A.B. asks: 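Here it is, the structure, as structure tokens.
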Amino acid sequence: AVLRGSGTPLEVETVTVDEPGQGQVRVKLSACGLCHTDLSVLQSVLPQTSPLVLGHEGAGIVESTGPGVTSVAPGDHVILTTTAFCGRCFQCVEGMFAQCERMPLALGGNFPFHLDDMDLMPFASIGGLCEYTVVAENTAIKIDDDIPLVSASLLGCGVITGVGAAINTAEVRPGGSCAIWGCGGVGLSVLQGCRIAGASTLISIDTNPAKLEFAKKLGATHVIDASVENPVEQVLALTGGRGADYTFEAIGIGEAMEQAYTAARRGGTATIVGVGRFDDSFSLSAGLFAMTEKTLKGSFCGKGASVRDFPRMLDWYRAGKLDLDSLVTTTYPIEDVAQAYEDMTAGKNARGVVVF
Ligand SMILES: [Zn+2]
Ligand SMILES: [Zn+2]
């Protein structure tokens, strides 16, 4: 799936893919989940400077490795992580792996795809919407062979972002009450993370009734249709008028972020997971911020450390605690990728996945 530039349509083309260079891995993709960040690129909300191969939620099998690669070998099953990290920079030593100062996203300069006289960049250093891609070694995380790769692909971005926000960022405690704005792939993963952490009240909020049904299936104890009810009032009503211990915004809209902050109880924690437009914002009362002693946190990619979090999330999957299979509501061949993004815009899927 090739995007020649901002504002151009997504095209399915036949490209050539380089052999892996020093420290690189060539992966045969089995599946690539479709994430809203791809849509932001397609809609030029996130402008890109180079022609690229879209997609960043991939899983597959290592085909070949370049010189110096030691952590994976041909035949290994891998998930491609959006938060590759070096483990040695200041932020990594601080435990802020998603803020790694040397992550390949920041490095760029990898153009493994070629179409006519064009060199194409892999989006997010992954380029998962292609049968083959070439990534840095620390982007390909080995997993056990028994995990279905279609379900595993979701861990790469949406699931680690959502589950990680609950477990790593908010550090939800057993018995807590949680309210989650948004029931897309990320919001439903926040919900599951809160459930796995032992929260007893799980409130999911969306404007799409079909997505609220997904939330009920994945463990929501209450759902709020924000198109007909005021979500802040409803969260307060469901938590004895106090507000939720933990609130999450997993949409990327300033207004919803403000609602999530408002609906957290005094002393509670509001975690912002959604990435909105850079010109959108929300406001806080200068009088109430200190008085209510709430904590407002940002959570990028679930504050995730893939080498730690993928194995434990797959353990939860095996134990039946983390439902990945239900998140995959439609699979598409690559030829239908444009339709798949239209379905995303229409809110039809929890997660659509392109399968190779
Ligand atoms: Zn993503
Ligand atoms: Zn680092």
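Everything quoted here is computed from the prediction, not taken from an experiment.
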A.B. asks: So that I can tick it off, tell me whether Arg312 and Asp315 are bridged by a salt bridge, with the cut-off set at under 4.0 angstrom between side-chain N and carboxylate O.
C.D. replies: no
A.B. asks: Looking at Lys142 and Asp76, is any side-chain nitrogen of the basic one under 4.0 Å from a carboxylate oxygen of the acidic one?
C.D. replies: yes
A.B. asks: Using side-chain heavy atoms (C-beta onward) and a distance below 4.5 Å, is Phe123 in contact with Asp38?
C.D. replies: yes
A.B. asks: Between atom NE2 of His56 and atom SG of Cys32, what is the distance when rounded to the nearest 0.5 Å?
C.D. replies: 7.5 Å
A.B. asks: Return each pair, listed once, that meets salt bridge (charged side-chain N to carboxylate O under 4.0 Å, His left out) where at least one residue sits in residues 330-343; pairs must be two or more places apart or across chains.
C.D. replies: Asp343-Lys348
A.B. asks: Apply side-chain hydrogen bond (donor to acceptor under 3.5 Å, both in side chains) to Asp116 and list each qualifying residue two or more places apart in sequence or on a separate chain.
C.D. replies: none
A.B. asks: Would you please say whether a donor-acceptor pair under 3.5 Å links the side chains of Asp323 and Ser326?
C.D. replies: yes
A.B. asks: Linking Ile, Leu, Val, Met, Phe, Trp and Tyr through side-chain heavy atoms less than 4.5 Å apart, which residues share a cluster with Phe90?
C.D. replies: none
A.B. asks: How about Thr65 and Pro74: do any of their side-chain heavy atoms sit closer than 4.5 Å?
C.D. replies: yes
A.B. asks: Any side-chain heavy atom of Leu284 within less than 4.5 Å of one from Leu296?
C.D. replies: yes
A.B. asks: Please identify each residue that fulfils side-chain hydrogen bond (donor to acceptor under 3.5 Å, both in side chains) with Glu19, with sequence neighbours left out.
C.D. replies: none
A.B. asks: Do the charged groups of Glu63 and Arg26 touch, with an N to O distance under 4.0 Å?
C.D. replies: yes
A.B. asks: For Tyr317, give me all partners under side-chain hydrogen bond (donor to acceptor under 3.5 Å, both in side chains), at least two apart in sequence or on another chain.
C.D. replies: Asp325
A.B. asks: Work out which heavy atom in Ser177 is nearest to a heavy atom in Ala244; give both atom names and the distance.
C.D. replies: OG-CA, 3.5 Å
A.B. asks: Please find the pair of heavy atoms, one from Val273 and one from Ala165, that lie closest to each other, and give the distance.
C.D. replies: CG2-CB, 3.6 Å
A.B. asks: Walk me through it: do Ser299 and Thr169 pass the test side-chain hydrogen bond (donor to acceptor under 3.5 Å, both in side chains)?
C.D. replies: CA-CA 6 Å; Ser299 182; Thr169 308; 2.6 Å; yes
A.B. asks: Which salt bridge (charged side-chain N to carboxylate O under 4.0 Å, His left out) pairs, counting each pair once, include a residue from residues 283-303, with sequence neighbours left out?
C.D. replies: none
A.B. asks: Minimum heavy-atom separation for Asn208 to Ala210, with atom names?
C.D. replies: OD1-N, 2.9 Å
A.B. asks: Does atom CD (Glu255) have a neighbourhood of more than 12 heavy atoms from anything else shown, all under 6.0 Å?
C.D. replies: no
A.B. asks: Distance from Asn138 atom CG to Arg102 atom CZ, nearest 0.5 Å?
C.D. replies: 11.0 Å
A.B. asks: Could you label the plane-to-plane angle of the Phe289 and Tyr261 rings as parallel, tilted or perpendicular, counting under 30° as parallel and over 60° as perpendicular?
C.D. replies: parallel
A.B. asks: Stepwise, does the salt bridge (Lys or Arg N to Asp or Glu O under 4.0 Å) test hold for Glu101 with Arg88?
C.D. replies: CA-CA 9 Å; Glu101 291 165 351; Arg88 291 188 298 181; over 6 Å; no
A.B. asks: For residues 221-249, which residue pairs qualify under salt bridge (charged side-chain N to carboxylate O under 4.0 Å, His left out), counting only residues two or more places apart or in two chains?
C.D. replies: Asp245-Arg265
A.B. asks: Decide yes or no on side chain to side chain contact (heavy atoms under 4.5 Å, CB included) for Val190 and Cys178, but give the supporting numbers first.
C.D. replies: CA-CA 10 Å; Val190 174; Cys178 301; over 6 Å; no
A.B. asks: Please find the pair of heavy atoms, one from Ala59 and one from Ala152, that lie closest to each other, and give the distance.
C.D. replies: CB-C, 4.4 Å
A.B. asks: Can you name the residues that form a side-chain contact (heavy atoms from CB on, under 4.5 Å) with Thr262, not counting sequence neighbours?
C.D. replies: Val232, Glu258
A.B. asks: Is the CZ atom of Arg277 crowded by more than 12 outside heavy atoms at less than 6.0 Å?
C.D. replies: no
A.B. asks: To the nearest 0.5 Å, how far apart are CG in Leu188 and NZ in Lys217?
C.D. replies: 11.0 Å
A.B. asks: Does any pair with a residue in residues 41-61 pass salt bridge (charged side-chain N to carboxylate O under 4.0 Å, His left out), and if so which ones, sequence neighbours excluded?
C.D. replies: Glu57-Arg351
A.B. asks: For Asp18, what residues pass the side-chain hydrogen bond (donor to acceptor under 3.5 Å, both in side chains) criterion, not counting sequence neighbours?
C.D. replies: His114
A.B. asks: Drop me the distance from Leu238's CG to Ile224's CD1, to the nearest 0.5 angstrom.
C.D. replies: 5.5 Å
A.B. asks: Which heavy-atom pair separates Leu52 from Leu120 by the least distance, and what is that distance?
C.D. replies: N-CD2, 3.8 Å
A.B. asks: Rounded to the nearest 0.5 Å, how far apart are CG of Leu29 and CG of Leu80?
C.D. replies: 6.0 Å
A.B. asks: If we ignore angles and hydrogens, is there a donor and acceptor under 3.5 Å between the side chains of His77 and Asp144?
C.D. replies: no
A.B. asks: Side chain to side chain contact (heavy atoms under 4.5 Å, CB included) between Thr271 and Thr269: does it pass, once the steps are laid out?
C.D. replies: CA-CA 6 Å; Thr271 302; Thr269 300; 3.8 Å; yes
A.B. asks: Identify, with sequence neighbours excluded, every residue that meets ring-ring contact (aromatic ring centres under 6.0 Å, His included) alongside Phe310.
C.D. replies: none
A.B. asks: May I ask you to test the Arg4-Leu115 pair for a side-chain heavy-atom distance under 4.5 Å?
C.D. replies: yes
A.B. asks: Ala31: which residues meet the side-chain contact (heavy atoms from CB on, under 4.5 Å) condition with it, sequence neighbours left out?
C.D. replies: Val150, Ser153, Val353
A.B. asks: Locate the shortest heavy-atom distance separating Ile205 from Ala226; write the atom from each residue and the value.
C.D. replies: CG2-CB, 3.9 Å
A.B. asks: With clusters defined by side-chain heavy atoms of hydrophobic residues (ILVMFWY) lying less than 4.5 Å apart, directly or transitively, does Ile196 cluster with Val159?
C.D. replies: yes
